[in-house]
Every structure is written in C-alpha cells, then in structure tokens.
Amino acid sequence: MNVAANTLRNNWKRAEVQQLFDLPFNDLLFQAQLVHRQHFNPNEVQVSTLCSIKTGACPEDCAYCPQSARYDTGLEREKLMAVEKVLEEAKAAKASGATRFCMGAAWRSPKAKDMQYVTSMVKGVKDMGMETCMTLGMLSAEQATELSDAGLDYYNHNLDTSPEFYDSIITTRIYQDRLDTLDNVRSAGMKVCCGGIVGMGEEENDRVGLLLELANMKEHPESVPINMLVKVEGTPLAEQADLDPFDFIRTVAVARLLMPASHVRLSAGREDMNDQMQALAFLAGANSIFYGEKLLTTPNPEANKDMQLFSRLGIKPESREELHTEQEQNEAIADQIVEAKMDQFFYDAAN
Ligand code: SAM
Ligand code: DTB
Ligand code: SF4
C-alpha cells in the first residue's frame with residue numbers, strides 16, 4: 001500500500017490503518033519518512049517545556065496517573081502556583097530554547113475561581129513571545145472561550161486510548177466527555193493538542209482505534225502527543241509489562257502517515273528510551289519533544305543530553321516564525337549546543 005499521497009484525509013477505515021500496522025517495519029518507516037518530508041523539514045524538532053502549575057490530589061481515577069488522589073504515589077499535593085512563579089519558569093524555559101510553554105493542572109476541570117489566575121499566566125507567557133499551551137482537564141464552551149480570548153494557542157486534552165479500552169483505564173469520566181471538551185476547544189478557535197498513551201496493556205487493535213479517532217476528527221489535532229506509559233509505583237499500572245519498543249515506533253509512524261501535517265510529539269517515556277530508539281522515533285516522523293528535566297511529576301532526560309542527541313543527529317530545534325524572538329532563540333540554542341558539545345568532549349576525554 002502506498003500512502004505517500006499529499007492529501008489530508010479524515011475518512012480512514014479501520015482496515016487501512018490495520019494494514020499500515022501490518023507493514024514490514026522497514027516499509028512502514030520508509031513510507032512515514034516520505035510523507036514526513038512532504039510536510040516538514042526532517043531535521044527539525046519542535047521543543048516544548050512543561051510546567052506543573054497545580055500538582056497532585058486530582059479527584060479522577062486515571063489508572064496511569066501519579067497525580068490521582070486515589071493512589072498512594074508519595075506525591076506532595078500542591079496549591080495552584082503563583083502567577084509570578086510560573087512566569088519565572090517560562091522565562092527560564094525560553095532562555096534554554098523552548099518555543100512553547102505548556103502548563104498542566106491536576107484537575108478534573110478548572111473551577112470558576114481558577115480562571116483569572118490561569119488567564120493571567122497565559123497573558124504573561126504570551127508577552128514573552130512564547131507559544132502557550134494548557135492542560136487543565138475538561139472545559140465548558142465558556143471556559144474555552146475565556147482561555148482563547150486570553151491568547152491561549154493550544155489546549156492539550158488526550159483521548160488516551162481507544163473507546164473500547166477506555167473503561168479499563170478511567171471510570172470517572174467518559175470518552176464522550178473528552179470529545180465534547182475537544183469540540184469546545186476547536187469552536188473557541190484554539191489549536192488542539194490531542195494524543196494518547198501506549199503501553200497500558202492495550203492490544204494493537206486499541207492503538208489502531210486511538211489513531212483512527214484522532215485521524216478522523218473533522219480537523220486533525222495540530223499536535224499529537226504519543227506518550228509511552230511511565231510506570232509509577234502506587235498506580236494500578238505500576239507493574240504493567242513493557243511494550244515492544246518497535247510497536248511504539250510503529251504507532252508513531254502510523255500517526256505520521258494518518259496525520260501528515262500535524263506535529264507528532266515523542267512525549268512521556270523518553271527517560272526509558274535509549275538514543276537509538278529516540279532516533280528511530282524521529283525517523284518514523286516524530287518532530288516534537290518535551291524538553292527539560294521534569295515532565296509534570298516524573299523525570300525527563302536532562303536538557304543537555306537532549307542537545308547532545310540533537311547535535312549527534314544533526315537535528316535543530318524548530319524555531320517560531322515570529323522573527324523578533326528568533327535571534328534570541330538561536331543564540332540560546334547555540335549556547336546550549338556548545339555546552340552540550342563541551343560536556344560530550346569532557347565525557348569522551350575521561351572515558
Ligand atoms: N488533568 C488533566 C487531564 O487529565 O486532562 C491534565 C493533566 S494530565 C497529567 C495530561 C496527560 O498526561 C494525560 O491525559 C495523560 O495522557 C498523560 N499522562 C499522565 N500520566 C502519565 C503517565 N504515567 N505516563 C504517560 N502519560 C501520562
Ligand atoms: C501529554 O500528552 N503528556 C504530558 C502533557 N501532555 C501534559 C504529560 C506527561 C505526564 C507524565 C507523567 C508525569 O510526569 O506526571
Ligand atoms: Fe487527574 Fe489528569 Fe491525572 Fe487523570 S490524568 S488523574 S485527570 S491529573
């Protein structure tokens with residue numbers, strides 16, 4: 001099957017998606033790379049930084065999540081971060097080369113009293129010249145409009161898995177709730193960041209189902225995070241068996257083929273991937289990462305290590321089109337690369 005056609009579709013059939021998963025690995029990666037090159041510079045990766053603006057004590061029961069109040073994961077519950085503190089973190093993220101600042105809250109949905117704080121955060125981060133993203137749980141149409149009016153560029157809300165497997169992972173809200181929030185985000189004019197998690201014990205059929213849901217949305221999400229489950233002690237999925245790494249790469253490649261113009265983000269789970277696996281994910285069409293030592297509550301590779309990997313692969317962080325920040329950004333990135341190269345030099349010299 002040759003899928004390298006230069007068109008965006010939202011009428012994918014389950015059997016077509018299954019056929020892509022069934023391709024020999026090399027054929028699948030070759031197709032994904034062809035399609036990737038029609039839409040993106042294959043040597044650029046978008047870099048986002050995450051900040052947990054409200055950590056822990058979430059009332060939901062998502063089986064993978066260290067922040068659910070229902071599981072004892074040893075996480076300290078925290079109040080909503082002060083706006084200034086968030087802006088300080090955003091400044092640091094910008095200085096280290098991130099172009100998007102993503103703020104996450106362990107909420108089922110934001111309360112009315114929270115909205116003034118989160119909208120101030122959006123305005124402050126935008127003023128620094130960075131793109132903004134938030135993930136705050138379910139949103140009503142009014143809340144989505146409020147965030148959009150404040151200047152929020154992206155809203156992250158994942159489908160997480162297939163509709164069929166969903167009930168084995170979350171019982172406190174249904175698939176349709178998620179679709180409704182995504183509709184509200186779209187109608188309010190924001191860009192959608194929506195993906196899922198693999199490695200939760202789902203079947204390949206569920207990975208097909210998840211990608212089918214995403215690819216058949218009226219408009220593809222602009223950003224598609226593919227998370228590999230981070231197994232956290234105390235959560236019901238702590239002892240989940242590892243997913244075959246090639247099945248993870250296949251999922252990235254099929255996402256790239258189905259949603260050719262979207263950024264596919266190699267999201268949570270990179271700490272458990274070696275450099276070769278990450279390089280394969282980039283070859284399969286992943287072109288965005290979370291950058292910085294921490295995701296929301298779990299570790300992520302050190303920024304320096306990522307810059308070393310980029311440098312070894314000849315990858316450059318994607319810069320934003322807004323030119324007034326580009327030079328600053330390039331300078332920051334160049335500094336990071338020099339630093340990373342020095343570290344590598346001393347490491348090599350000492351070993
Ligand atoms: N509470 C909000 C919500 O659930 O929409 C926002 C924050 S929540 C932590 C954002 C996403 O992080 C989840 O939808 C899930 O896809 C991802 N996530 C959470 N825990 C994870 C884990 N242990 N491994 C991989 N991804 C995870
Ligand atoms: C997404 O898809 N992955 C990010 C982000 N959206 C908010 C979150 C990953 C969280 C991993 C577990 C943690 O650090 O708590
Ligand atoms: Fe709460 Fe979001 Fe974690 Fe679910 S994924 S428990 S909603 S923080």
Side-chain angles (χ1 to χ4, degrees), residues 48-71 73-78 80 100-111 114 118 132-139 143 154-161 166 169-175 177-182 184-185 192-202 210 214 221 223-240 242-243 248 255 263-273 286 288-301:
S48 299
T49 290
L50 262 178
C51 173
S52 182
I53 59 169
K54 158 72 182 79
T55 305
C58 182
E60 301 295 276
D61 71 350
C62 313
Y64 49 76
C65 189
Q67 304 203 66
S68 166
R70 297 168 194 240
Y71 318 128
T73 60
L75 199 68
E76 297 266 329
R77 69 182 293 168
E78 288 171 21
L80 180 62
R100 192 177 308 156
F101 193 65
C102 307
M103 295 159 267
W107 288 329
R108 172 178 166 84
S109 57
K111 303 232 163 35
D114 302 319
V118 293
T132 49
C133 177
M134 280 190 160
T135 177
L136 314 172
M138 294 186 283
L139 290 187
Q143 288 173 322
Y154 287 81
Y155 195 77
N156 166 246
H157 198 62
N158 291 336
L159 288 178
D160 279 353
T161 189
Y166 184 88
I169 300 295
I170 300 144
T171 68
T172 46
R173 63 203 193 290
I174 60 172
Y175 215 72
D177 291 329
R178 295 197 179 237
L179 295 170
D180 292 346
T181 292
L182 292 166
N184 293 338
V185 170
V192 171
C193 172
C194 182
I197 311 179
V198 296
M200 298 193 292
E202 76 284 349
L210 167 67
L214 295 168
S223 166
V224 182
I226 307 289
N227 295 280
M228 191 175 83
L229 175 70
V230 180
K231 296 177 219 173
V232 180
E233 229 180 281
T235 62
L237 296 183
E239 305 297 328
Q240 186 56 52
D242 281 342
L243 180 75
F248 178 84
H263 277 82
V264 174
R265 179 170 309 123
L266 180 55
S267 224
R270 288 199 301 120
E271 183 72 339
D272 295 320
M273 297 177 198
S288 171
I289 59 165
F290 283 123
Y291 177 69
E293 271 91 270
K294 212 170 176 194
L295 289 163
L296 290 172
T297 66
T298 63
N300 199 36

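Atoms within each ligand, like the ligands themselves, are counted from 1 in listed order. Starting from 1, each residue takes its place in the sequence as its number.
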Under a 4.0 Å heavy-atom limit, does M138 contact ligand 3 with its side chain, its backbone, both, or neither?
neither
Side chain, backbone, both or neither: [X] near ligand 1, heavy atoms under 4.0 Å:
X    : result
R108 : neither
M134 : neither
D160 : side chain
I197 : side chain

What atoms of ligand 1 come closer than 4.0 angstrom to any heavy atom of L296?
9 (C)
Assess, by modelled atom type and distance only, whether the side chains of Y155 and N184 contain a donor and an acceptor separated by less than 3.5 Å.
no
Is the closest N or O pair between [X] and ligand 1 shorter than 3.5 Å?
X    : result
R178 : no
N156 : no
Q67  : no

Measuring from atom 4 (Fe) of ligand 3, count protein N/O/S atoms under 2.8 Å, please.
1
Name the option, out of [options], that contains the heavy atom nearest to [atom].
atom                    : options               : value
atom 7 (C) of ligand 1  : A105, A106, G104, S68 : A105
atom 3 (C) of ligand 1  : E60, R173, K54        : R173
atom 19 (C) of ligand 1 : W107, Y64, Y155       : Y64

Under 4.0 Å from atom 2 (Fe) of ligand 3, do we find at least one protein heavy atom?
no
Using 4.0 Å as the upper bound for N to carboxylate O, is an ion pair formed by D272 and K231?
no
Give a yes or no answer on whether the side chain of N300 reaches the backbone of L295 with a donor-acceptor pair at less than 3.5 Å.
no
Would you mind writing out a table of all protein N or O atoms found under 3.5 Å from any N or O atom of ligand 2, naming both atoms and giving the distance to 0.1 Å?
from	atom 1	to	atom 2	distance (Å)
ligand 2	2 (O)	N158	ND2	2.8
ligand 2	2 (O)	N227	ND2	2.8
ligand 2	3 (N)	N227	OD1	3.0
ligand 2	6 (N)	N156	OD1	3.2
ligand 2	14 (O)	L296	N	3.0
ligand 2	14 (O)	T297	N	2.9
ligand 2	14 (O)	T298	N	2.9
ligand 2	14 (O)	T298	OG1	2.8
ligand 2	15 (O)	T297	N	3.2
ligand 2	15 (O)	T297	OG1	2.6

